[in-house]
Amino acid sequence: MKLELISFKLCPFAQRAIILLNAQKIDFEITYINPMDPPDWFKAISPTGQVPLLKADDQIIFESSVITEFINDISATNIHPENVVQKANNRSWIAFSSSMFDDMFGMVVGDEEKFNASKSALFGKLKKLETVKNTETFFNGDSFNMIDAAMAPIFMRLAWINEFTDNALSLAEFTNLSAWSKSILAVETVKTSVFDGLDDVYYSNIEGREGYLSTLLVDE
Ligand SMILES: N[C@@H](CCC(=O)N[C@@H](CS)C(=O)NCC(=O)O)C(=O)O
């Protein structure tokens, strides 16, 4: 099966799909577009106008959660828990974590009031996640699973923002999440899911948005 992922370089949803493809050692091609100014061929095949979109031969698969489940389905190794209750529980937390991207976006583009509201929404969610995260390396123990891949783009962006600022979004109050973030960000397939220099692109994006967060940047 020929797989082509249509993506946008900074898209955290597409990064989830890339991590899965890397983790499952599946060959794919990647085509970058700007979803704010999409080419006509993309508009013709995308029902939502959003990336990621995966072309599997001539079939179109969209919505990152569906794409990542599909990638796991066609893989030799299942990286969801085998136990159906545990799997459903993991999927619930994956769905829960997806709304954190809206909070991240609000923090990047918002004025001070919006930044604080988005930060408080995000940290409220992280607090709930902290209570269910154990002290194991990953969410379900020693193995890197779908839920770890789902959280990776969030932890990566939080780590970047903490580097760019004086730890404006420090996770220090969350012992379990801090350790989990460290474990996830050390995974090779997570590290290689973004190209070298994407952190600089993210920095410039924060700067260019001229939101409150841009005033917290410290010179690199
Ligand atoms: N629910 C979608 C969200 C994807 C999404 O928001 N993608 C952004 C880029 S990171 C996008 O395409 N934005 C353009 C738009 O919404 O028109 C998913 O999980 O795939």
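Each ligand, and each atom within it, is numbered from 1 in the order the structure gives.
Taking the ring axis of F195 as reference, the NZ or CZ atom of K9 stays within 45° of it and closer than 6.0 Å to the ring centre.
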Evaluation steps, salt bridge (charged side-chain N to carboxylate O under 4.0 Å, His left out), between D40 and K43: CA-CA 5 Å; D40 288 341; K43 286 191 219 164; 3.7 Å; yes
Candidate pair K55 and E29, rule salt bridge (charged side-chain N to carboxylate O under 4.0 Å, His left out), full reasoning: CA-CA 10 Å; K55 276 168 81 181; E29 283 174 18; over 6 Å; no
R91 vs Q86, side-chain hydrogen bond (donor to acceptor under 3.5 Å, both in side chains): CA-CA, chis, key distance, verdict: CA-CA 9 Å; R91 283 179 170 149; Q86 204 188 347; over 6 Å; no
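For atom 17 (O) of ligand 1, the closest non-hydrogen atom of the protein is G49 O, 4.1 Å. The shortest contact between atom 19 (O) of ligand 1 and any protein heavy atom is with S64 OG, 2.6 Å. The single protein non-hydrogen atom nearest to atom 14 (C) of ligand 1 is P35 CB, 3.7 Å, given as residue, atom name and distance. Shortest contact from atom 3 (C) of ligand 1 to any protein heavy atom: Q50 OE1, 3.6 Å. At the top of the distance list for atom 1 (N) of ligand 1, counting protein heavy atoms only, stands E63 OE1, 2.9 Å.
Ligand-side atoms of ligand 1 in range of C11: 9 (C), 10 (S), range being under 4.0 angstrom from any heavy atom. Every atom of ligand 1 with a heavy atom of P52 under 4.0 Å away is listed here by number and element: 20 (O).
Using cut-offs of 30° and 60° for the angle between ring planes, the F138 and F144 rings count as perpendicular.
Taking any N or O of V51, backbone or side chain, at least one lies under 3.5 Å from an N or O belonging to ligand 1.
Taking the ring centroids of F174 and W180, they lie at or beyond the 6.0 Å cut-off.
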